[in-house]
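Here the structure comes first, spelled out in structure tokens, and everything after it is commentary.
All residue numbers in this chain count up from 1 along the given sequence.
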Amino acid sequence: MRKSEIRPPPAEKLHLHSRLRQRLRKIRMKCLCSGEQMRLIEEEDKRSELGVSSALSAAESETAKKLDNGNIEEAELSLRETSSLNYEEARALLGRIEYQKGNIEAALRVFEGIDISGITIKMKTALTAREEKRHRRRSKGSFVTPPQPPMSKHAVSLLFEAIFLKAKSLQRLGRFQEAAQSCRVILDIVEASVSEGASENVTGDIKLQETLAKAVELLPQLWKLAESPRDAILSYRRALLNHWKLDPETTARIQKEYAVFLLYSGEEAVPPNLRSQTEGSFIPRNNVEEAILLLMLLLRKVNQKRITWDAAILDHLTFALTIAGDLTALAKQLEELSPEILDQRELYYTLSLCYHGAGEGLVALGLLRKLFSEKEDPNRISGLLMASKICGERPGLAEEGLDYARRAIGDLGNECVQLDGAARLVLGIALTESSRKTATEAERVARQSEGMQALACGDMTDPRVVHRLALENAEQRKLDSALVYAKQALKLGAESDLEVWLLLARVLSAQKRFSDAETIVDAALNETGKWEQGKLLRLKAKLRLAKGEVKDTIKSYTELLALLQVQSKSFSSSKKQLPKGYVEGLRSLELGTWHDLAHIYIDLSQWRDAETCLSRSRLIAPYSPVRYHTEGVLCKRQGQLEEAMEAFTTALDMDPMHVPSLISKAEVLLELGNRSSIAVVRSFLMEALRIDRLNQSAWYNLGKMFKAEGSVSSKQEAVECFQAAVALEETMPVEPFR
């Protein structure tokens with residue numbers, strides 16, 4: 001603009017300057033006035049400030065009119081003349097007006113005219129400058145005024161808002177990388193100022209603190225939009241670890257957004273490197289642990305009523321703890337929630353899910369029983385199905401499980417196809433399980449038939465239903481049907497289900513196709529993870545033993561024990577708490593492996609090796625009925641019948657329903673040849689058949705008992721028992737189907 005075009009200052013500027021001079025003159029009088037005079041002056045100052053504000057508002061109104069005409073430079077000059085703003089402040093104000101009007105590109109052009117790097121030092125100096133009161137010299141009546149900062153706090157706030165709005169403008173235009181870099185400038189300036197003791201200057205200005213809070217919350221979002229997940233993670237941690245004096249709700253939003261990003265982004269974060277921490281404090285090692293920590297902190301704030309309740313917090317925490325395999329910790333968090341946060345019925349149902357998933361089925365069942373006492377419960381059907389499933393896994397609770405399944409079917413009606421399929425599955429399981437405990441053969445057959453019919457009416461596209469049909473057919477020795485169902489279950493997507501692979505191999509072993517069964521096991525080993533291969537390796541060893549490959553069998557068992565040892569060391573060094581059921585499963589597998597090896601060495605007459613295996617199993621479970629039974633077998637093979645009888649008796653004292661010990665004790669009594677003990681032998685064998693009616697060894701020894709009686713009718717019964725034993729031997733798998 002040429003000098004000849006410069007216009008004289010308008011009358012409103014002269015009026016504004018006059019007002020400002022009056023204000024300064026009155027400020028100088030404050031220190032010399034009495035209290036009453038001071039009050040009068042403050043009232044007059046307030047009136048003066050209102051005049052200044054109205055002058056600024058008039059200037060902004062005039063500027064807006066000029067912006068409507070598209071002349072930004074003229075509007076900027078008008079602002080600088082009417083309100084005594086410098087170049088950067090005028091630009092900041094102009095940009096805000098454009099942004100509020102929705103002219104994003106025009107606003108960005110105005111903001112880009114501000115030299116941010118040039119005024120950064122001034123802004124830092126303004127924030128770090130301490131406010132000092134003027135003091136009067138004793139020798140003279142004059143005042144000493146401390147040096148003024150190069151920029152007022154109001155100007156800093158105005159420029160902070162300009163930087164923030166510039167970032168928002170860039171975001172609206174899709175320039176996310178530049179937006180993030182612009183937004184980061186605010187945090188850098190404040191962080192540098194706070195480190196020099198300017199915390200009060202930052203938090204004392206409401207507008208400045210508001211802009212800072214918005215920038216802290218926006219920066220991670222911009223990095224995510226810019227597809228820079230690592231910078232987003234660093235920004236989240238910066239927002240949460242630095243002292244920005246954010247309000248609780250803002251902090252909670254950032255914590256929740258960060259937890260969600262950690263759980264679902266797919267980007268593995270580097271563990272945080274905390275500059276200062278208490279010794280022994282928890283440091284998350286991965287995304288899931290860091291997300292769990294954040295969500296637990298949010299739940300604690302909810303309990304302390306520092307933030308409002310958000311159901312999504314619990315949903316995300318449930319997901320995180322589920323994939324971490326620590327459902328007991330989730331249950332603990334739920335139990336600590338205030339009663340008004342979560343409905344009591346919802347609490348019982350969710351807790352039962354947690355404990356059931358953690359292997360605490362009986363605890364879950366107790367909670368569900370409390371839940372069923374409620375008349376109106378939205379989770380009633382799901383709860384009944386879960387209770388039936390838990391009971392179906394425990395022989396002593398089969399009748400109760402059957403009752404729950406029937407109630408679920410009755411309540412369901414035609415409401416939900418998916419739940420109907422699940423209900424028929426648990427009903428089928430409950431019927432087949434309860435059939436094993438019936439008093440009469442007719443009742444057993446009737447329940448078993450009804451159970452199979454319920455399963456067949458279920459969802460045949462569900463691998464669980466098809467797998468259960470395969471299992472029931474296998475236990476009824478319908479091996480061809482069992483094989484078809486097992487293969488169908490694999491085709492339906494159960495390749496990752498270890499139990500389906502095991503069942504398929506066991507069915508093939510029952511058909512005496514040992515090589516085919518071993519091929520299936522090898523395929524399963526390729527489909528499963530290293531830590532899940534224990535059962536497969538044990539089955540492979542048994543298949544090799546069935547083929548007469550004793551050396552290869554011992555080699556397979558050795559590999560299995562090495563895997564279990566490495567697995568045990570890995571888990572013991574890890575701080576992660578494993579589910580109770582998983583730990584017991586590993587312990588049972590190791591115990592069974594030592595007993596399998598002991599039986600092999602007993603068959604080879606290698607007594608010392610067998611005793612070594614038993615001593616190792618004693619360290620794992622000193623009071624195991626299986627171990628005492630194996631010791632009895634060893635003594636029996638060595639001709640020590642009294643010691644064998646004592647070992648079998650001890651095993652039955654521990655578990656009166658231990659079928660191998662019942663049969664072995666009957667065998668020893670038969671070998672002793674005491675005819676007076678025939679009745680005792682009969683009772684042992686009949687009890688074994690009541691528990692396991694398809695036990696080949698029980699039928700064989702029952703035949704020996706009838707033969708020993710010597711009567712014609714007894715010999716006929718002996719023939720029938722031997723025939724049953726032979727038939728069962730032809731279809732007996734190398735290990736039980738379940």
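- Under the 30°/60° scheme for interplanar angles, the aromatic rings of His599 and His629 are found to be tilted.
- In this structure, Ser711 contributes its side chain and Ser714 its backbone to a donor-acceptor pair below 3.5 Å.
- Note on Arg538 versus Glu735: no salt bridge recorded, every NZ/NE/NH1/NH2 to OD/OE distance being 4.0 Å or above.
- Considering every non-hydrogen atom in both Thr322 and Thr318, the closest pair reads OG1-O, 2.5 Å.
- Checked for salt-bridge contact, Arg544 and Glu559 miss the test: no charged N lies under 4.0 Å from a carboxylate O.
- Atom NZ of Lys704 has more than 12 neighbouring heavy atoms from other residues, nucleotides or ligands inside a 6.0 Å radius.
- Here the straight-line distance linking atom CG of Leu591 with atom CG of Leu564 works out to 11.0 Å at 0.5 Å rounding.
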Between Ser605 and Arg637, is the side chain to side chain contact (heavy atoms under 4.5 Å, CB included) condition met? List the steps.
CA-CA 8 Å; Ser605 300; Arg637 285 293 302 272; 4.0 Å; yes
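- Under the 6.0 Å cut-off for aromatic ring centres, Phe722 and Tyr700 qualify, their centroids lying closer than that.
- Using a 4.0 Å cut-off between charged nitrogen and carboxylate oxygen, Arg738 and Glu433 count as a salt-bridge pair.
- If you take OG on Ser624 and CE on Met654, they are separated by 7.5 Å, rounding to the nearest 0.5 Å.
- No donor-acceptor pair closer than 3.5 Å links the side chain of Ser664 to the backbone N or O of Ser661.
- Listed for the Thr649 side chain is a donor-acceptor partner under 3.5 Å among the backbone atoms of Met645.
- When side chains are defined from C-beta on, Tyr404 does not count as touching Val426, because their heavy atoms never get closer than 4.5 Å.
- Formation of a donor-acceptor pair under 3.5 Å by the Ser449 side chain with backbone atoms of Ala446 is not found in this model.
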Start with the C-alpha gap between Leu427 and Glu450, add the side-chain angles, then the distance that decides, and say whether side chain to side chain contact (heavy atoms under 4.5 Å, CB included) holds.
CA-CA 9 Å; Leu427 177 62; Glu450 187 182 356; 5.6 Å; no
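- Remark: Arg587 CZ is loosely packed, at most 12 non-hydrogen atoms of other residues, nucleotides or ligands lying under 6.0 Å away.
- With respect to Ser434, the side-chain contact (heavy atoms from CB on, under 4.5 Å) criterion is satisfied by exactly one of Glu400, Gln448, Glu443, Arg447: Arg447.
- The backbone N or O of Phe737 lies less than 3.5 Å from a partner atom in the side chain of Arg506, making a donor-acceptor pair.
- By the 6.0 Å contact criterion, CD on Glu549 is enclosed, its count of non-hydrogen atoms from other residues, nucleotides or ligands being greater than 12.
- Looking at Ser556, its side chain never comes within 3.5 Å of a backbone N or O of Ala541 through a donor-acceptor pair.
- Electrostatic pairing of Arg464 and Asp459 does not count as a salt bridge here, judged by no charged N lying under 4.0 Å from a carboxylate O.
- How far CG of Leu353 is from CG of Leu368: 8.0 Å, rounded to the nearest 0.5 Å.
- With a 6.0 Å radius and a threshold of 12 heavy atoms from other residues, nucleotides or ligands, Arg407 has its CZ atom above the threshold.
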Do Leu561 and Leu597 pass the side chain to side chain contact (heavy atoms under 4.5 Å, CB included) test, and can you show the C-alpha distance, the side-chain angles, and the key distance before you say yes or no?
CA-CA 11 Å; Leu561 288 171; Leu597 278 172; 3.7 Å; yes
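- Side-chain contact between Ser515 and Glu518 is absent, with no heavy-atom pair separated by less than 4.5 Å.
- A salt bridge links Lys535 with Glu499: the closest approach of a Lys/Arg side-chain nitrogen to an acidic carboxylate oxygen falls below 4.0 angstrom.
- Remark: the Ser617 side chain and the Arg627 side chain contain no N/O donor-acceptor pair separated by less than 3.5 Å.
- Remark: side-chain polar atoms of Trp607 are not paired, donor with acceptor, to backbone N or O of Cys635 under 3.5 angstrom.
- Counting only distance, with no hydrogens or angles, the side chain of Ser388 and the backbone of Leu385 share no donor-acceptor pair below 3.5 Å.
- When the shell of 6.0 Å around NZ of Lys715 is examined, it contains 12 or fewer heavy atoms from other residues, nucleotides or ligands.
- With rounding to the nearest 0.5 angstrom, the CG atom of Leu455 is 7.0 Å from the CD1 atom of Ile429.
- Taking a 6.0 Å sphere around CD of Gln453, one finds it holds 12 or fewer heavy atoms contributed by other residues, nucleotides or ligands.
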Checking salt bridge (charged side-chain N to carboxylate O under 4.0 Å, His left out) for the pair Glu687/Arg690: CA distance, chi angles, key distance, verdict?
CA-CA 5 Å; Glu687 176 66 9; Arg690 185 190 69 80; 2.9 Å; yes
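- The nearest pair of heavy atoms linking Leu634 to Leu614 is CD2-CD1, 4.0 Å.
- Between atom CD1 of residue Ile520 and atom CG of residue Leu536 there is a gap of 11.0 Å, rounded to the nearest 0.5 Å.
- Side-chain atoms of Arg477 come within 3.5 Å of backbone atoms of Thr731 as a donor-acceptor pair (strictly under, hydrogens ignored).
- No more than 12 heavy atoms of other residues, nucleotides or ligands lie within 6.0 Å of CH2 in Trp699, so this atom counts as exposed by the packing criterion.
- More than 12 heavy atoms of other shown residues, nucleotides or ligands fall within 6.0 angstrom of atom NZ in Lys547.
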Determine whether Tyr557 and Ile600 satisfy the following criterion, side chain to side chain contact (heavy atoms under 4.5 Å, CB included), listing intermediate values before the conclusion.
CA-CA 11 Å; Tyr557 276 123; Ile600 291 173; 3.6 Å; yes
